[in-house]
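Hydrogens, waters and symmetry mates play no part in the numbers below; they use all other heavy atoms, side chains included.
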Amino acid sequence: MVKTISVPHRKFKVFTRRDLDSIPHLHRFSGDELLAMKAVARVLPFRVNDYVVEELIDWDHVPEDPIFQLTFPQPEMLPEADLSRMVDLIRREAPEDEIDATARAIQLAMNPHPAGQVELNVPSVEGVPIPGLQHKYRETVLFFPSSGQTCHSYCTYCFRWPQFVGLDELKFAAREAESLVAYLKDHPEVNSVLFTGGDPMVMKTKVLRRYIEPLLVPELDHIVSIRIGTKAPAYWPHRFTTDDDADDLLELFEEIEAAGRHIALMAHYSHPRELATPVAQAALRAIRNTGAVVRCQAPLIKHVNDDPQVWSDLWKQQVFLGAIPYYMFVERDTGPKQYFEVPLARALDIFSTAYRRVSGLGRTVRGPSMSATPGKVLVDGTTTVHGERVFALKFLQARDPSWVNRIFFAKYDPEACWLDDLEPAFGESEWWFQAPIREMKASGMQPSWGTRSQVRKRITEFGHVEWE
Ligand SMILES: *Cc1c(COP(=O)(O)O)cnc(C)c1O
């Protein structure tokens, strides 16, 4: 039974770059400042809804306000020369295609496909690649439903472009679900399917159902958990409370649990303010009432949450509301990274300071973690070995499962912001995982850990499948 939650209804209303002039709160900015925002919004995604505008941003403290920084374009997000090129084009009302071409060139210079996303992760069924699927780590398949490739608001640091599909969503969902099911049937090593995007929660419940219900069949009982990566609990908590199909959504979560699978919402909360409103708290109660578990993750972002107090408040608030701190990520090496990046040494410092301030219940969080080409790399600490100052790193996830939990060392470098900026410690000329990664790239390796027929399996006491 789904419990009705009494928070006021709000109709979803969204602003994109074409609406910048019609957001009354922006009237406090000068014409030049607005023009700069428009220029940035031609290059980086901009989309914000009125709940974020009205309830989350503190307009008395813009532009420094963290949620304003999280959602609105800032002039320094583009290199100065690019910004003035764009401003100039817009000011002299250049033809649209000229503006678009310039914007595209700037985007392409911003490393739009980091971490071998394109060449290394696309799986296939009988040699046919399945777009919308990524299988990088043995246990988990990422699935990008085509109807879930936008968000309720965009984060300024994100570089995934909105792709509206003008097709029949239900038909699309059914077809995509079919390939997903076919792949999973052939891959019993997978025990978790992670729906991601964009934000899968932008889908209507009836569309989401088309994707999820086919996964609940007995032939796929190796799928222990279904996860949904989402920022809706922060940007649009009404999705779980007062939207027309909120009740149906919560029922779907209950059905997943009833079918013997675990449903987890991997909620992206960047700042404790996103957890402070009555509707945000009501959304969490409603989700938790279904048996779903909410696990929380976010990147560490300069201007948004680069402060230990923000993180300890965030984790405490999550624990208080029954959600579980999960990952703190390092900002990826993409998009306007020079604006948002925080050096690894400082990230570690912020993490550790915040971590010390929460009880063990909040220390389920792991981080700072980089989602890099070879895997998820944790910056676990600094230490000195035989007089050399080093970072201790550890794989939390890896393309090769045998690398997981392996510790390795990098020369300490206070400026380094990403794995590529680091050098192996103790005079090694390259990382031990570089040769195998090169091999994977050269062989165009399909990430496969063997199909049903190739790998020996063992059924555990609890009926789970394990692979050797
Ligand atoms: C983070 C991530 C996952 C999930 O990893 P968990 O540690 O199980 O949460 C799966 N696939 C990719 C590509 C990821 O980046």
A354 and P308 have their tightest heavy-atom pair at CB-O, 3.5 Å
Requested in this report: Report yes or no: does R332 contribute a side-chain atom to a donor-acceptor pair with the main-chain N or O of S371 at less than 3.5 Å?
Outcome: yes
So, R261 side chain and L216 main chain: donor-acceptor pair closer than 3.5 Å or not? yes
Counting C-beta onward and ignoring hydrogens, is there a side-chain heavy-atom pair between V304 and T156 closer than 4.5 Å?
no
Please work out which of the three classes, parallel, tilted or perpendicular, describes the rings of Y157 and H268, given edges at 30° and 60°.
tilted
So OH of Y355 and CE of M328: to nearest 0.5 Å the spacing works out to 11.5 Å
- Message: A side-chain contact here means heavy atoms from C-beta on lying under 4.5 Å apart; do P374 and R399 qualify?
- Response: no
**Asked** Counting only N and O atoms by type, is there a donor-acceptor contact under 3.5 Å from the side chain of R47 to the main-chain atoms of C151?
**Response** yes
> Would you call V224 and S192 a side-chain contact if the rule is heavy atoms closer than 4.5 Å?
Replying inline: no
For P237 and A280 the tightest heavy-atom approach is CB-CA, 3.8 Å
To the nearest 0.5 Å, atom OH of Y211 lies from atom CD of E176 at 3.5 Å
Assess whether ring-ring contact (aromatic ring centres under 6.0 Å, His included) is satisfied between Y154 and F46, documenting all intermediate values. CA-CA 6 Å; Y154 290 146; F46 170 69; 8.6 Å; no
Given side chains that start at C-beta, do those of L314 and Y269 come closer than 4.5 Å, heavy atoms only?
yes
Quiz item: For S147 and R210, what are the C-alpha separation, side-chain angles and deciding distance, and is it a side chain to side chain donor-acceptor pair (under 3.5 Å)?
Solution: CA-CA 11 Å; S147 306; R210 290 284 166 107; over 6 Å; no
Are side-chain heavy atoms of E428 and Q434 found at a separation under 4.5 Å? no
The single option from W315, W311, Y327 that satisfies ring-ring contact (aromatic ring centres under 6.0 Å, His included) with F351 is W315
To the nearest 0.5 Å, atom CD1 of I263 lies from atom CD1 of I287 at 9.5 Å
Trace of the side chain to side chain contact (heavy atoms under 4.5 Å, CB included) decision for Q107 with R104
CA-CA 5 Å; Q107 288 162 2; R104 179 55 73 191; 2.9 Å; yes
Interatomic distance, CE@M110 vs NZ@K337, rounded to 0.5 Å, equals 9.5 Å
Here the gap from L44 atom CG to C155 atom SG, rounded to the nearest 0.5 Å, amounts to 12.5 Å
Main chain of D199, side chain of Q149: is a donor-acceptor contact present, judged purely on distance under 3.5 Å?
no
Query - From CA spacing to verdict: side chain to side chain contact (heavy atoms under 4.5 Å, CB included), V202, H152 - result: CA-CA 7 Å; V202 301; H152 291 100; 3.9 Å; yes
*asked:* Could you check whether atom CD of E98 has more than 12 heavy atoms from other residues, nucleotides or ligands sitting under 6.0 Å from it?
replied: yes
field: Lys/Arg N to Asp/Glu carboxylate O, R85 vs D82, below 4.0 Å
entry: yes
Correct closest heavy-atom pair for L396 and V404 would be O-CG1, 3.7 Å
Under 3.5 Å, side-chain donor or acceptor atoms of residues 376-395 against the rest of the protein: list the pairs with distances, not counting sequence neighbours.
| from | atom 1 | to | atom 2 | distance (Å) |
| --- | --- | --- | --- | --- |
| E388 | OE1 | F426 | N | 3.3 |
| E388 | OE2 | F426 | N | 3.2 |
| K394 | NZ | N405 | OD1 | 3.2 |

message: Is there a salt bridge (charged side-chain N to carboxylate O under 4.0 Å, His left out) between D65 and R273? Walk through the geometry before answering.
response: CA-CA 11 Å; D65 179 74; R273 199 185 296 160; 2.7 Å; yes
Rounded to the nearest 0.5 Å, the CD atom of E341 sits from the CG atom of D306 at a distance of 12.0 Å
Original post:
Is a side-chain donor-acceptor pair under 3.5 Å present for Y339 with Q69?
Top reply: yes
**OP:** Would you please test F253 and I228 for side chain to side chain contact (heavy atoms under 4.5 Å, CB included) and show each step?
**Re:** CA-CA 11 Å; F253 292 173; I228 301 178; 4.2 Å; yes
Notebook entry, point to check: Are K411 and E423 close enough for a salt bridge, meaning some N to O gap below 4.0 Å?
Noted result: yes
D88 meets the salt bridge (charged side-chain N to carboxylate O under 4.0 Å, His left out) criterion, sequence neighbours left out, with R92
Output yes when D100 and R42 qualify as a salt bridge under the 4.0 Å nitrogen-oxygen rule, no when they do not. yes
Taking Q338 for its side chain and E76 for its backbone only, find out whether a donor-acceptor pair lies under 3.5 Å. yes
Is the shortest side-chain heavy-atom distance between W431 and I437 below 4.5 Å?
no
**Asked** Is there side-chain contact between E257 and H262, with at least one heavy-atom pair below 4.5 Å?
**Response** yes
Between V87 and A36 the two heavy atoms that sit nearest each other are CG2-CA, 4.2 Å
Indicate yes or no: does E274 engage K231 in a salt bridge with an N to O separation below 4.0 Å. yes
Donor-acceptor pair, Q318 side chain versus I324 backbone, under 3.5 Å?
no
**Study point:** Derivation and outcome, side chain to side chain contact (heavy atoms under 4.5 Å, CB included), residues L70 and H271
**Key:** CA-CA 10 Å; L70 179 63; H271 194 279; 5.9 Å; no
Heavy-atom nearest pair, P75 first then V40, reads CA-CG2, 3.9 Å
message: Is it true that, when you exclude E178 itself, more than 12 heavy atoms of the residues, nucleotides or ligands shown sit nearer than 6.0 Å to its CD?
response: no
In terms of heavy-atom contacts, I106 and L78 come closest through CG2-CD2, 4.3 Å
Worked verdict on Q309 versus D313 for side chain to side chain donor-acceptor pair (under 3.5 Å):
CA-CA 6 Å; Q309 191 67 50; D313 285 345; 3.3 Å; yes
Q: Kindly say whether E415 contributes a backbone atom to a donor-acceptor pair with the side chain of D421 at under 3.5 angstrom?
A: no
Looking at D349, is its backbone amide N or carbonyl O close enough to the side chain of S352 to form a donor-acceptor pair, meaning the two atoms are under 3.5 Å apart? no
Are side-chain heavy atoms of P272 and V310 found at a separation under 4.5 Å? yes
| message | Taking Y137's backbone N and O only, do any of them form a donor-acceptor pair with H135's side chain (distance below 3.5 Å, no angle check)? | response | yes
Paired with F195, the side-chain contact (heavy atoms from CB on, under 4.5 Å) test is passed by just one of V141, L142, T230, L215, namely L215
